[in-house]
Amino acid sequence: GENVEQHPSTLSVQEGDSAVIKCTYSDSASNYFPWYKQELGKRPQLIIDIRSNVGEKKDQRIAVTLNKTAKHFSLHITETQPEDSAVYFCAASGVTGNTGKLIFGQGTTLQVKP
Amino acid sequence: SQTIHQWPATLVQPVGSPLSLECTVEGTSNPNLYWYRQAAGRGLQLLFYSVGIGQISSEVPQNLSASRPQDRQFILSSKKLLLSDSGFYLCAWSQLANTEAFFGQGTRLTVV
């Protein structure tokens, strides 16, 4: 089955700097790669996603890149702000039957220091 | 609009007691439903998923079971809880394969 590895487990940056979180996946059939943000005590929420037919996607300060050959994808946050502090999860999904099982990485705790 | 309800929010149960967590989705039909567990400081582990009534797939061997008695109802159960069952349990739904999954508020379970 699919396995997703996420690094680093913790990341501390100064406000205004960039943050990069990397994930690798094992199943070459995976074709959907979302990123979720979980603030303390709250539910995970989608912040950006990318599909296998696209190499890069950007939404304001957030971007995701995908390298299918190497089976890795990354989240880039530019001009970080204190409210970006949270746990970030990557996930990978491929269709099996009529369901896409989302398999998550271990999470990255991002701390943005003012 | 679609909403997902999960309850209870917190639960403290003794070892050996039964468990029943319920999740319901409103505003959609035939959703894919998921149960995840999040241990302290760890990622989201997929426990069960369901593509329809009575259809349950288990991802990991464990002390838990799941059922889907109605289209938009997903239940996580255990006959006898273990200490290792403690954690944060999240229900989620998605409309189609490989689309955004929406999470419930979660249930923090402490087995004592």
Side-chain angles (χ1 to χ4, degrees), chain A residues 1-10 21 23-25 27 29-54 57 59 64 66 86-109 111, chain B residues 2-7 9-10 21 23 25 29-61 66 68 71 74 87-108:
Chain A
E2 176 65 278
N3 183 52
V4 179
E5 296 288 335
Q6 182 173 346
H7 299 280
S9 57
T10 60
I21 302 171
C23 290
T24 60
Y25 61 98
D27 188 350
S30 290
N31 54 17
Y32 175 61
F33 307 93
W35 286 88
Y36 284 79
K37 176 183 179 182
Q38 185 180 29
E39 297 178 350
L40 189 63
K42 297 188 177 181
R43 72 186 86 186
Q45 293 192 302
L46 180 76
I47 55 172
I48 195 168
D49 57 11
I50 191 169
R51 300 186 183 279
S52 58
N53 59 345
V54 176
K57 183 176 179 181
D59 182 4
V64 58
L66 171 65
V87 180
Y88 291 81
F89 293 97
C90 63
S93 173
V95 177
T96 301
N98 62 346
T99 185
K101 296 188 300 178
L102 269 181
I103 303 300
F104 285 84
Q106 298 90 334
T108 296
T109 301
Q111 181 186 28
Chain B
Q2 301 87 3
T3 56
I4 179 169
H5 301 281
Q6 184 180 344
W7 67 92
T10 59
L21 303 181
C23 172
V25 181
S29 60
N30 197 31
N32 291 337
L33 296 171
Y34 308 87
W35 277 110
Y36 286 89
R37 177 168 59 200
Q38 184 175 22
R42 300 185 65 182
L44 296 163
Q45 181 186 33
L46 179 61
L47 302 177
F48 301 95
Y49 71 93
S50 172
V51 300
I53 296 174
Q55 300 178 59
I56 309 294
S57 294
S58 175
E59 287 300 295
V60 293
R68 184 171 177 173
D71 181 46
F74 206 22
F88 190 50
Y89 290 82
L90 288 157
C91 180
W93 75 273
S94 65
Q95 189 58 70
L96 300 170
N98 292 352
T99 59
E100 179 178 1
F102 298 90
F103 286 86
Q105 293 274 35
T107 297
R108 187 159 303 282

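Lettering of chains follows the sequences in order, A, B, ..., and the numbering in each one begins at 1.
For B:F74 and B:F48, the ring centers sit 6.0 Å or farther from each other.
Heavy-atom pairs under 4.5 Å with chain B were tallied for A:A91, A:G107, A:P44, A:G41; the largest tally goes to A:P44.
Contacts of A:Q45 with chain B are absent, with no heavy-atom separation under 4.5 Å from either backbone or side chain. Neither the backbone nor the side chain of B:S57 comes within less than 4.5 Å of any heavy atom in chain A. Heavy atoms of A:P34 lying under 4.5 Å from chain B are absent altogether. Heavy-atom distances place both the backbone and the side chain of B:L44 under 4.5 Å from chain A. Only the side chain of B:E59 has a heavy atom closer than 4.5 Å to any heavy atom of chain A. Looking at A:Y36, the atoms closer than 4.5 Å to chain B (heavy atoms on both sides) all sit in the side chain, from C-beta outward.
A donor-acceptor pair under 3.5 Å is absent between the side-chain atoms of B:Q38 and the main chain of B:L90, judged by distance alone.
Under the 3.5 Å distance criterion, with hydrogens and angles disregarded, a donor-acceptor pair is assigned to the side chains of A:Q6 and A:T108. For the residue pair B:E100/B:Q95, the side-chain donor-acceptor check at 3.5 Å is not satisfied. A donor and an acceptor atom, one from each side chain of B:Y89 and B:R37, are located under 3.5 Å apart.
For the side-chain contact (heavy atoms from CB on, under 4.5 Å) test with A:F33, the passing option among A:V54, A:V64, A:I50 is A:I50; the others fail.
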